[in-house]
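What follows is a set of notes on a single structure, which appears directly below.
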Amino acid sequence: MENAGNPSAPLYGVGAEFATAADLTRAAREIRGAGYESFDVFSPFPIHGMDKIVGARRSPLGRIVFIGGLTGFLTAVAVQYLPSAVIYPLIVHGKPTGFFAIPAYFPILFETTVLFSAFTAFVGLLMMIGLPRFNHPLFNWERFKGVSGEGFFAVIESRDPRFSTEEAGRFLESLGGSNVTVIHED
Amino acid sequence: MAEGTVISVEESARAAVERQPLVAPGRTMGWISDYVSSIVESQSPRWWWVAISITGSLTLLLLACLTYLVATGVGVWGNNHPVGWAWDITNFVFWIGIGHAGTLISAILFLTRQKWRTSINRAAEAMTLFAVICAAIYPTMHVGRVWMSWFLIPVPNANGIWQNFRSPLMWDGFAVLTYFLVSVLFWYTGLIPDLATLRDRATTKVRKFFYGILALGWRGGNRQWRHYEMAYLLLAGLSTPLVLSVHSVVSFDFAASVIPGWHTTIFPPYFVAGAIFGGFAMVLTILIPARAVYRPLGDLITVSHIDKMCKVLLFTGSIVGYAYLMEMFMAWYSGNPFERATFWYRVTGPYWWAYALMILCNVAMPQLLWFRFFRTHVIWVFVIAMFANVGMWFERFVIVATSLTRDFLPSSWGMFHPTWVDIATFAGTLGLFGTLFLLFIRFLPMVCMFEVKAVLPSANPNPGGKH
């Protein structure tokens, strides 16, 4: 097995390269079946059905975005209602300014809800996936650069309770993985 | 013998209903990364320098015109009594409408699982952003005292005054700002995996640094993809009502007034259909030359893609045509003499030529797209798209100008005459749009690589089985 990174640094995990999306899917199923918990599969595009295979739960981002949208909605209620009805009532065309002007508040209510939701979705995404993070043990592995081109990788992490370098390496090789590599933290 | 015939009939039937491949056969994942990235990685070709020197000069002209306008006053435009909204608002609606196709392709076609969108969504979204930038210039300048545009933002200020939130102009400010920001987020989110591709391929320090920062450290693990896909779905879901709302709100600027010819309930859907029509025309206008220059792109943006876009053009063009007819009918049916007079004036008054041009470009020409011949010959598609671009500009001009030139009182009737500043400013925004697009194709991947890879047959995790 080759080494990536400084061999005297702590261990991050063992990785292997697979040829196709189908091979990686099969490997992921086997790794999960063998009882590993801390592993991840890497691909240039999201592979259909992979979440179920690796046992990932549905992303909670939707609920977070709902809270963001609600915040936006309430902000728009406050920002429109307080000035229009309380601080600075401006009578135009003799039309109502407060509660009964609700239809005229709709466009801004809607737009602000969408704006806050979208920002929550983006910031929430970055927080969930732990980005921006410019330095990661996987970047020590030269071949891993292929992940954004046409490379498919699986990595079993050392924090898995069942992990042993030798066994994980042999297991990945038995699944058809090539270029099995020990990845170090540094 | 009989059995053989049955099989061959079945086979030919299957071949007939089988879908056209979204990417030309034989193009692999590696090829997609290599080719799309090579556009960004190679030296700027000569045509690019020629093109950007033209569009760049026009952008400088825009800056000069805007400086002149701010220094002198809005009077340098031809806007005057009675036509207080003229080319500025025409251009604003024209540009903001163009943006809509980008969001439609990236969001609505995503939700409806139209996989052919993957080849064109990146460029279309970029076009959206650039069009909204061009659009935003006009109302900002039209307020006159540009340095006071911040009054649109509801913040406590020393004067103790607040905005009228029931005004369509306020709605417009919020809608356009939201649209721009959400489009930027959506676009950037889609770019992250592709920026990682450019980062991983980078050979120079500068590129490594630049794309490395922009890619945020993307690794492409399933732990990232699963949240990423959810975020993308949410952003698409949020953008879908947003895009429909933006042009509806723009149409409220007119519809909520009492001017005959503007005060109609048909405006929101009519504007949205027109926006999508005009936007698809612009997508075709920029993608057809890009395909011609970068020939292998034709394997990603195939004739089948162009054919599909033409069908959208035909459909929305027909809705627009229906709206034109319905407008006329309602003017007659309403029994309101001012409404009737305005519409009669549009068709027969001194601006009849603009109305006729609008009908020719937006209603008559797209009808050619009923024929496969016109949908699959890109030269024809380009010509029809150019007609639509021109027609959509004239549609907005007809709506804005003809309603204002005839006031309720004949004593305040008048015509609109653009000044050289009007013309130069519009040319300048065309230049700005072109410049931004040229910079985009040199610095960012023009095609969404990861999404195109995902629609290749080799991306199927269960080959042979059902997807």
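In this text the structure is predicted, and so the values were computed from the model without any measurement. As a basis for the values below, the full set of heavy atoms in this structure was taken, side chains included, without hydrogen atoms, waters or symmetry mates. Residue numbers begin at 1 in each chain, while the letters A, B, ... track the order of the sequences.
Residue with the most contacts toward chain B among Val92(A), Asp23(A), Thr20(A): Val92(A) (heavy-atom pairs, distance under 4.5 Å). Comparing Pro83(A), Ala56(A), Gly146(A) by how many heavy-atom pairs each has under 4.5 Å with chain B, the most go to Pro83(A). For the set Ile213(B), Leu198(B), Val246(B), the entry with the most heavy-atom pairs within less than 4.5 Å of chain A is Ile213(B). Top candidate by heavy-atom pairs under 4.5 Å with chain B, chosen from Ile108(A), Val114(A), Thr25(A), is Ile108(A).
Heavy atoms of Met449(B) lying under 4.5 Å from chain A are absent altogether. Both the backbone and the side chain of Gln224(B) come within less than 4.5 Å of a heavy atom in chain A. Heavy atoms of Val41(A) lying under 4.5 Å from chain B belong to its backbone as well as its side chain. Using a 4.5 Å cut-off between heavy atoms, Thr178(B) contacts chain A through both its backbone and its side chain. With a 4.5 angstrom heavy-atom cutoff, Pro89(A) does not touch chain B via any of its atoms. Neither the backbone nor the side chain of Tyr232(B) comes within contact range of chain A, judged by heavy atoms closer than 4.5 Å. Looking at Phe139(A), the atoms closer than 4.5 Å to chain B (heavy atoms on both sides) all sit in the side chain, from C-beta outward. Both the backbone and the side chain of Leu61(A) come within contact range of chain B, each with at least one heavy atom under 4.5 Å from a heavy atom of that chain. For chain A, the nearby part of Arg199(B) is the side chain; its heavy atoms alone come within less than 4.5 Å. Using a 4.5 Å cut-off between heavy atoms, Arg26(A) does not touch chain B at all. Contacts between Ser43(A) and chain B at a heavy-atom distance below 4.5 Å involve backbone atoms as well as side-chain atoms.
Counting heavy atoms from C-beta on, the side chains of Phe165(B) and Val79(A) come closer than 4.5 Å. Put simply, the side chain of Phe450(B) does not reach to within 4.5 Å of the side chain of Pro44(A), judged on heavy atoms. Contact of the Met50(A) side chain with the Pro461(B) side chain is not registered, since no non-hydrogen atoms from C-beta on lie closer than 4.5 Å. Contact check for Tyr228(B) versus Pro46(A): no side-chain heavy atoms found under the 4.5 Å cut-off. Here the side chains of Pro241(B) and Phe110(A) are in contact, with some heavy-atom distance below 4.5 Å.
By the ring pair (Phe, Tyr, Trp, His ring centres under 6.0 Å) test, Phe267(B) pairs with Tyr270(B), Phe271(B), sequence neighbours left out.
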Check: After noting the C-alpha distance and the side-chain angles of Arg166(B) and Thr97(A), does the key distance pass the side chain to side chain contact (heavy atoms under 4.5 Å, CB included) rule?
Finding: CA-CA 8 Å; Arg166(B) 292 155 295 154; Thr97(A) 56; 3.7 Å; yes
Next item on the list: In sequence, state the C-alpha distance, the side-chain angles, and the governing distance for Trp162(B) and Leu90(A), and then conclude on side chain to side chain contact (heavy atoms under 4.5 Å, CB included).
Entry: CA-CA 9 Å; Trp162(B) 286 87; Leu90(A) 193 66; over 6 Å; no
Margin query: Please evaluate residues Phe42(A) and Arg219(B) with respect to the criterion side chain to side chain contact (heavy atoms under 4.5 Å, CB included), reporting the C-alpha separation (whole Å), side-chain torsions for both, the decisive distance (0.1 Å), and the verdict.
Written below: CA-CA 7 Å; Phe42(A) 300 82; Arg219(B) 296 189 297 276; 4.3 Å; yes
Next item on the list: Walk me through it: do Ile47(A) and Asn222(B) pass the test side chain to side chain contact (heavy atoms under 4.5 Å, CB included)?
Entry: CA-CA 8 Å; Ile47(A) 294 174; Asn222(B) 186 60; over 6 Å; no
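The neighbour count for Asn6(A) CG, taken as heavy atoms of other residues, nucleotides or ligands under 6.0 Å away, is above 12.
Using a 4.5 Å heavy-atom cut-off against chain B, the contacting residues of residues 148-161 of chain A are Ser148(A), Gly149(A), Glu150(A), Phe152(A), Glu157(A), Arg159(A).
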